[in-house]
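Heads up: the structure comes next, in structure tokens.
Below, chains carry the letters A, B, ... as their sequence lines are ordered, and counting in each starts from 1.
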2 protein chains.
Amino acid sequence: MATSATREKILDVAEELFAHQGSRATSLRAITSAAGVNLAAVNYHFGAKEVLIEEVISRRLVTLNGQREQRLLEVRASAVAAGRRPETAEVLMAFVEPTLLFPQSGTGAGNFITLVGRAMADPDETARRIFVRLMQPVLQLFAELLAEAQPELAPEVLYWRLNFVIGALSHTMRGIDRCPLPLEIAVAKSAPELVRLLTGFLSAGMLAAP
Amino acid sequence: MATSATREKILDVAEELFAHQGSRATSLRAITSAAGVNLAAVNYHFGAKEVLIEEVISRRLVTLNGQREQRLLEVRASAVAAGRRPETAEVLMAFVEPTLLFPQSGTGAGNFITLVGRAMADPDETARRIFVRLMQPVLQLFAELLAEAQPELAPEVLYWRLNFVIGALSHTMRGIDRCPLPLEIAVAKSAPELVRLLTGFLSAGMLAAP
DNA sequence: TATTAAATCGAACGTTTGTTCGAATGGGTC
DNA sequence: GACCCATTCGAACAAACGTTCGATTTAATA
């Protein structure tokens with residue numbers, strides 16, 4: 001019962017529409033008509049629109065955060081095994097790479113990354129509350145590892161640099177399917193190339209003299 | 001006629017509510033009741049909600065972009081006068097400093113910075129279309145000066161690094177009144193200190209080996 | 001085939017939304 | 001004091017929203 005064809009179709013269509021118009025601007029009628037199901041199906045399968053939003057986010061975010069956590073713990077483990085500190089570059093890579101490569105993990109996964117990139121800046125409490133709650137643990141681990149990589153960095157400097165990292169990453173996530181800035185020099189890049197560009201940029205920023 | 005007390009009050013209240021809930025989630029009734037004016041006053045003074053949104057954004061953004069453009073042109077002029085290339089750090093400073101110090105320019109200016117930081121990530125076409133149109137010229141100049149500072153950088157690398165800069169800056173703008181990430185190490189910083197932290201981070205990122 | 005529970009459907013509910021309109025109000029000018 | 005134009009006001013409009021409900025269909029079980 002947890003998985004029905006109608007239920008899955010609603011989730012897929014909602015994910016796509018939420019990604020491109022936001023959850024608030026997307027009506028249940030737009031979702032159900034695009035999915036070819038009855039309007040009442042949403043409330044039958046989910047109970048309320050807010051629950052649907054939560055399920056769209058958590059459905060894939062749990063997987064993504066699992067990948068990020070595993071990569072981060074691997075970085076920590078190999079550093080401990082070698083009796084050294086984790087390197088800033090590999091910590092960043094462990095968080096960024098699963099994120100930007102996630103769109104290749106399946107149909108609709110690209111929409112999800114756009115959606116998450118926007119949830120971080122969403123003024124709507126509904127979406128952001130759900131999102132923050134799911135992100136908190138892995139974000140905490142990410143912050144800890146960055147601190148272990150640069151123990152000499154003052155906590156407040158680390159905090160703000162972490163914000164700059166999250167800002168650059170989320171902006172990249174939002175524009176992963178279309179160029180985020182409308183400039184003449186706009187050029188699309190492959191996902192692996194983007195990973196290299198972004199982690200290089202962020203590593204240099206994190207390692208800058210404070 | 002261009003400035004009436006009612007008109008200004010509507011703009012101020014709308015700016016505050018838009019900043020904290022988004023323009024789409026803010027109803028005209030919420031604005032007019034908070035402003036203590038009649039509901040019909042909005043359509044009398046602005047014609048439509050979309051025009052009000054546009055006016056809220058453009059009212060201060062024209063000023064802010066003027067400051068940014070002046071600073072950028074000064075950087076270029078002094079570089080030309082000295083027969084050298086502009087430095088990446090001073091180009092970044094010319095764009096970032098007016099932005100993050102703008103909240104001190106008057107009552108409500110802080111709300112505006114939050115608002116603009118969100119407009120950049122807004123899925124709603126209305127707000128983003130207005131915003132992009134107003135930002136395009138100064139963004140173009142910003143990109144040109146960064147290219148002049150690092151002529152050896154490949155255009156596509158420059159483009160994406162510019163996106164990372166905009167992402168980090170807009171995320172900082174969104175969280176300027178409250179800590180953006182809910183972490184234990186969260187610490188507030190004064191605006192000038194934030195400017196120094198951000199430009200230091202971004203300079204290192206821009207100057208990283210490609 | 002008869003029974004039963006899950007699933008789908010059409011239709012309506014009450015709110016809230018942006019917008020419109022004619023009447024009422026307000027000073028400033030002849 | 002009479003007139004006038006800008007402004008304000010109360011009231012209503014149609015449309016769109018999330019949600020609810022009873023009837024109907026579907027599919028599996030006995």
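- Side-chain atoms of A/R29 lie closest to C/dA12 of the nucleotides C/dT8, C/dA12, D/dT8.
- Within 4.0 Å (heavy atoms only), A/T32 reaches no atom of the nucleic acid at all.
- Rounded to an integer number of Å, the gap from A/R24 CZ to C/dT16 P is 12 Å.
- Regarding B/I31, its CD1 atom lies at a distance of 11 Å from the P atom of C/dT17, rounded to whole Å.
- Residue-to-nucleotide proximity on DNA chain D shows that, of A/A25 and A/G47, the 5′-proximal contact is made by A/A25.
- With B/F95 as the aromatic partner, B/R68 meets the cation-pi criteria of under 6.0 angstrom to the ring centre and within 45 degrees of the ring axis.
- Look at CD on B/Q21: it is 11 Å from P on C/dT17, rounded to the nearest Å.
- Atoms CZ (B/F46) and P (C/dG18) sit 14 Å apart, rounded to a whole Å.
- Within 6.0 Å of NZ on A/K9 lie no more than 12 heavy atoms contributed by other residues, nucleotides or ligands.
- Ranking D/dT8, C/dT19, C/dA12 by closeness to the B/H45 side chain, first place goes to D/dT8.
- Distance from the side chain of B/Y44 is smallest for D/dT8 among the nucleotides D/dT8, C/dT8, C/dT19.
- Look at B/N38 and you won't find any side-chain N or O under 4.0 angstrom from OP1 or OP2 of D/dT7.
- Picking from C/dG18, C/dG10, D/dT19 the nucleotide with the shortest atom distance to the side chain of B/K49 gives C/dG18.
- Comparing D/dA12, C/dT17, C/dT8 by their closest approach to the side chain of A/T6 singles out C/dT8.
- Taking the side chain as every heavy atom from C-beta outward, B/F201 and A/F201 approach each other to under 4.5 Å.
- Side-chain contact between B/R133 and B/S58 is absent, with no heavy-atom pair separated by less than 4.5 Å.
- We find that CG of A/L28 is positioned 21 Å from P of D/dA15, with the value rounded to whole Å.
- Here the nucleotide nearest the side chain of A/N43, chosen from D/dA6, D/dT20, C/dC9, is D/dT20.
- Looking at A/R174 and B/M120, their side chains never come closer than 4.5 Å, going by heavy atoms from C-beta outward.
- Closest contact between the side chain of B/A40 and the listed nucleotides C/dT8, C/dC21, C/dT17 involves C/dC21.
- Candidate nucleotides D/dG18, D/dT8, C/dT19 were compared by shortest atom distance to the side chain of A/S27, and D/dG18 ranks first.
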